[in-house]
Amino acid sequence: MLRLTLERRPGRDDLVAFGLAARSPAAWVLPALGLLPAAGAALRPSALARPWRMWNRAARGYGRVARAAVLGVAFGVFTVVGRAGARFALHPSPSGPGWTPKARDAAGRDAAPGATGASWARRLLSWSRDGENGWAAFLVPFLLLLHALEADASARAAEEIYTLY
Amino acid sequence: MTTHILGISAFFHDSAAALLSDGEIVAAAQEERFTRKKHDPGFPSRAIEYCLREAGIGAGDLAAAAFYEQPLVKFERLLETYLAYSPEGFASFRDALPGWAGGKLDLPGRIREELGPEFRGELLFTDHHESHAASAFFPSPFEEAAILTLDAVGEWTTSAIGAGHGSRLALERELRFPHSLGMLYSAFTWYTGFKVNSGEYKLMGLAPYGRPIYRDRILEHVVDVAPDGSLALRMEYFNYCQGRTMTSERFHELFGGPPRRPESRITQKEMDLAASIQAVTEEIVLAAGRHAHEATGLADLAMAGGVALNCVANGRLLRDGPFERVWVQPAAGDAGGALGAALLVWHHALGRPRRVQPRDAQKGSRLGPAFDDTDIGCYLDSVGATYERISGEPELLDRVASLMEEGKVVGWFEGRMEYGPRALGARSIIGDARSPELQRTMNLKIKFREGFRPFAPCVLREHVHEVFETRPEEDWPYMLFVAPVREDRRRALTDEERRRMEDPDLTIRVSVPRSEFPAITHVDLSARIQTVDEERHGRYWRLMKRFHERTGSPVIVNTSFNIRGEPIVCTPDDAYRCFMGTDMDALVLESHLLLKERQPEALRPDREAYKAQFALD
Amino acid sequence: MRKTSRVVLAGLAAAAGLALLLPVVALALPFWALSGLQRGMRALLAGRRSATLPWQEMMEFAPEVGWKPRGGLDARAHAPGTPIFHVRTDADGWRGPQTTIEDAGIVAYGDSFAFGHGCDEETFFANLPGEPRIKAIGANGYNMAQGLLWMRRHAGRLAGKTVVWLVFYGNDLYENLQPNMGRYRMPFVRGAGSAGPREVVTEHISAEPWTFVSRTPYMDLLAEICTPGPLSDRVFDAAGFLVAEAAGLCAEVGARLVLAGIPHMDALEPRTRARLVANSPDPSSCDPELPDRRLREICGRHGAGFLALGERLERSDYLEEDVHWSAAGNRKVAAAIREVAGAAEAGAHPRRGASHAEGARGGVRAASL
């Protein structure tokens, strides 16, 4: 999976790998602000720590901007699709509140067959074929982009925001 | 061969793990206790590690792991909410969506990664409310029972009613998002200046100081409640679907101003709001309970979900409702979902039978780690603590009872740690409930928390009805029910005390002794009771028995062993640090007794630095 | 109807949105590419590492002392911050199988420095050619209490030898007070800093993991030890007890004891020293040389020699990303140990069962080197 940034606290091997990557032909053709050749010039891990930090700072900064752009555009998709209506009632029904039969929408959908380790994007696509979620297939590219633009692994799950508050 | 099933709850708040071995609850613990981060929502790696260690197995021995809810169904609810509110809601959308991209949407991958390659068992995802229901019914002492789950929200469901028979349960009816009793209570929690998902119990404790003068306004404008306990929120008063706050401007207008700023002075308005929403909640819980009874025709009730931690409402449901017995899962919030998910797999997915335990299968909720006495001694040596090791239990109990009798506050650390939000005598701070000073001392000098908050009593089960208005030998071992102090134990107020009861300063109100046990009697003469019995509580029961023999009091104060914002202590190290960072007088670590006055001055940490480690809750 | 409308609207909006995002993707390409290449290279390095042993797997449970290196090892090892290094152990688990205690004139007890963590067989100080020969007895994570226990076990084989005790200030001193190193149980000193007796405690040693681990950061503890105060006093009280025990044992069997203090590399350069001092609860009285002074005084008191390796080593004698010695550091240490052993031998020839006072004379001379 694509990742924008490098590890926040690199170990010796991370730095050595960074030096090797920067020296590789593939990296030389990149428009890398002149930083990579300098980084590649030395393979001593300690000499690579500073270029590593600079590169990571640039990647994180770009990630913030890029994620904001993707989220803005993705929200635009919601705004457009929202015109077709949502599936829950914001206002009480005229007959007043009441218990409804427990929906079985949950049963089995995420159960063992879906949990075999297939990629989450494929599972999401497969899930979106059910019910009224077909439109959600079009969210997959945006979600993949957001995932690829994450700043680092430790920030992967904004774990405190799971429901809506 | 033994079948081991791991239950996991995570990524919202109060992550936890639970382990069943052939259907028996072997271990369960919240992650916060290990990471020392209150309500830790992260993956419960440390709790899982503990559970496996307790069972003496590795991840490769697990037949299955179960996650307590279904992420894709929850994601569907999230999408539908943004669809319903767009173009509003970008701020919330911006916060929420990145966490799902590859994170929560990839829970199967994440769980397998965390459990490691040796885990080859099945990975199952159960329904959030079914997990709650399972955590309530399966460990309960009932062969069959009605089930009521009352929560903020799971996937779509916010409350559900069903029934359990033997090893099967089914939820038949539900209320769906956004209409939620838990959300309603949390909205008032937020509006009165407390933190959502942790301050609800403070609001409950504040309620007795107020009058329910906003009750009608709430029922007229904010929520429609049907006679069957179902409800519909008027969403124009709320902001939790599309915003970053719980309540809307319209809500603020209705209740005469903006929300109270956290940590600012609590006014009569907040007290009245607390009393009002508590009254509304009790009515809804009672009505829902009656409806569950009618729908199922069953005599007993099992409850779980965050709202089931509202012990005042639970007490009312038991007193005024139709059920003979009510059993509430001690870890009724999301932490308990881990246990419920594992139980669902055992009974439903694997079809295994259930053996009903006459006193319940929760083992007093003492399901966490215990620590070896020799190791504790070594630890105390390593930090340079001054202690006595008292090998004979009678001598130890006598010393502790004597300290309590002298009005000392004792940290009590013994046996396996509790599962769930309450300290039940394994990680507790205890004292003499007859002391008029104790409540204030414990709140301000030990817990460093709001002075208005009451403390709960532990009472010898065989004496509970002599002190509180309960049935003889009522079995409430989990501190989940409130009952009034008996009339003959109450004190009549003098005129001066009556005046003090009107004081705007709540610490003055709460300091007015209302009964023979002022430290545990709330201003409305109620108490949140834990009964203590020999079978479940062992040495703790014997301590109370010794205290009773010495003093004639079957009641002691019990509060969780922590300071404000700190998770309840887990290890001897946590306990010793907390002891040294507060004004606790003595500490018992299994058979080791430490007196504060004998500890080297140099070992006392900077109190402010100790407090600063924990964010206020 | 709603379902179809949603799909159509989503398709159109997504197509337009993705077109808008093309520049965002283009600008992200260099970052993705370098990150991908780096991870690829890292994986290749990890592939090399996979044929190596992490240090935990080189160790095994040992009753009373907690753990020891596995016997008969011939493996390539690694740890974070070290290059891959070649390790061979004798049947008992000690590094350098070509030398036995009996062959050696110097027996060096200690922790990971005495195990040669991070260095190859050829560069390990105990394996470097020269006289007298050196036998190293050490394992990663050892505190001084573990060193003492091994000395007791080897007592009958130490007569006439110089016993060099390598003590790393980074963690050995503090861990003399600790019943555990992470999840591993270790012997420790009970009673340090109190009026009561001191003793080495082993009653808790078993293969069961220790279940509660203290959280104080390592460098904070080092800074506190370097600052006069209660912890520092307890630490040196424990060290004093252990040195007294070892000196008594050596005197009894006719060996000479020299304690070699190993500073943390941060104590060797002004910039990192300042950082170390800043971690102290009282930076104004924090002195990174304090361990040398206190241990020198303790050794003098108990008739043992003292070698301050901080006076011989420079930052470049340590690995770049790890606290252990480089090849250059190992060379300097071997030379220093041989020098101090020679001086100690020349200065004092304690007989088996010699009194403490006789041993002390040699020790004082060694300490002056």
Side-chain angles (χ1 to χ4, degrees), chain A residues 1 67-68 71-72 74-75 78-79 81-82 84-93 96-103 105-107 109-112 114-121 123-124 127 131 133 136 139 142-148 150 155-165, chain B residues 11-12 41-42 70-73 76 78-84 86-87 90 92-99 101-106 108-109 112 122-125 127 152-153 155-157 160-161 171-179 196 224-226 228 230-232 235 240-241 246 291:
Chain A
M1 187 62 210
R67 281 196 308 277
L71 282 165
F75 196 68
F78 276 81
T79 308
V81 178
R87 280 173 50 199
F88 71 78
L90 288 179
H91 304 289
S93 76
W99 296 91
T100 54
K102 174 93 167 80
D105 52 6
R109 281 221 248 154
D110 278 338
T116 52
S119 93
W120 61 270
R123 265 201 311 276
L124 188 60
W127 165 82
N133 298 316
L139 287 179
F142 296 99
L143 291 166
L144 285 169
L145 259 179
L146 279 175
H147 186 46
E150 274 171 7
R156 185 168 65 176
E159 285 163 342
E160 70 281 13
I161 307 159
Y162 191 43
T163 55
L164 295 173
Y165 62 99
Chain B
F11 305 127
F12 181 24
Q70 308 212 43
L72 280 174
V73 184
E76 176 187 66
L78 190 82
L79 299 184
E80 290 295 336
T81 306
Y82 290 125
L83 288 180
S86 65
F90 181 66
S92 163
F93 178 86
R94 195 181 51 199
D95 288 341
L97 204 66
K104 289 165 193 160
L105 282 172
D106 190 25
R112 286 198 183 273
E122 265 201 285
L123 182 55
L124 296 141
F125 291 79
D127 174 276
V153 63
E155 294 90 357
W156 277 101
T157 308
I161 285 173
L171 294 178
E172 300 295 345
R173 299 175 194 205
E174 66 175 352
L175 299 179
R176 280 168 82 84
F177 187 82
H179 307 295
V196 171
D224 290 336
V225 181
D228 62 4
S230 61
L231 60 90
M235 294 311 295
Y240 57 79
C241 284
M246 290 298 294
H291 179 62

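- Within the 4.5 angstrom heavy-atom criterion, atoms from both the backbone and the side chain of A/Ala74 approach chain B.
- For B/Leu105 against A/Trp120, the heavy-atom pair with the smallest separation is O-CB, 3.4 Å.
- Of all heavy-atom pairs between A/Thr79 and B/Pro87, the closest is CG2-CB, 3.9 Å.
- Of all non-hydrogen atoms in A/Lys102 and B/Thr157, the two that sit nearest each other are NZ-OG1, 3.3 Å.
- Of the possible polar contacts, one joining the B/Glu174 side chain to the A/Ala103 backbone as a donor-acceptor pair under 3.5 Å is found.
- Of all the heavy atoms in A/Ala136 and B/Leu79, the pair that sits closest is CB-CD1, 4.0 Å.
- Across all non-hydrogen atoms, the minimal contact from A/Arg123 to B/Gly109 is NH2-N, 4.5 Å.
- Summarising the geometry, atom CG belonging to B/Leu97 is positioned 7.5 Å from atom CG belonging to A/Leu139; distances are rounded to the nearest 0.5 Å.
- Classification of the A/Phe75-B/Tyr82 ring pair by plane angle, with boundaries at 30° and 60°, yields perpendicular.
- Atom CZ of B/Arg173 has 12 or fewer heavy atoms from other residues, nucleotides or ligands within 6.0 Å.
- Across A/Leu145, A/Leu146, A/Leu71, the residue that shares the most heavy-atom pairs under 4.5 angstrom with chain B is A/Leu71.
- Considering CG of B/Asp228 and CH2 of A/Trp99, their distance stands at 7.5 Å, rounded to 0.5 Å.
- Taking both residues in full, the closest heavy atoms of B/Ala232 and A/Pro97 are given as N-CB, 3.7 Å, listed atom of the first, atom of the second, then distance.
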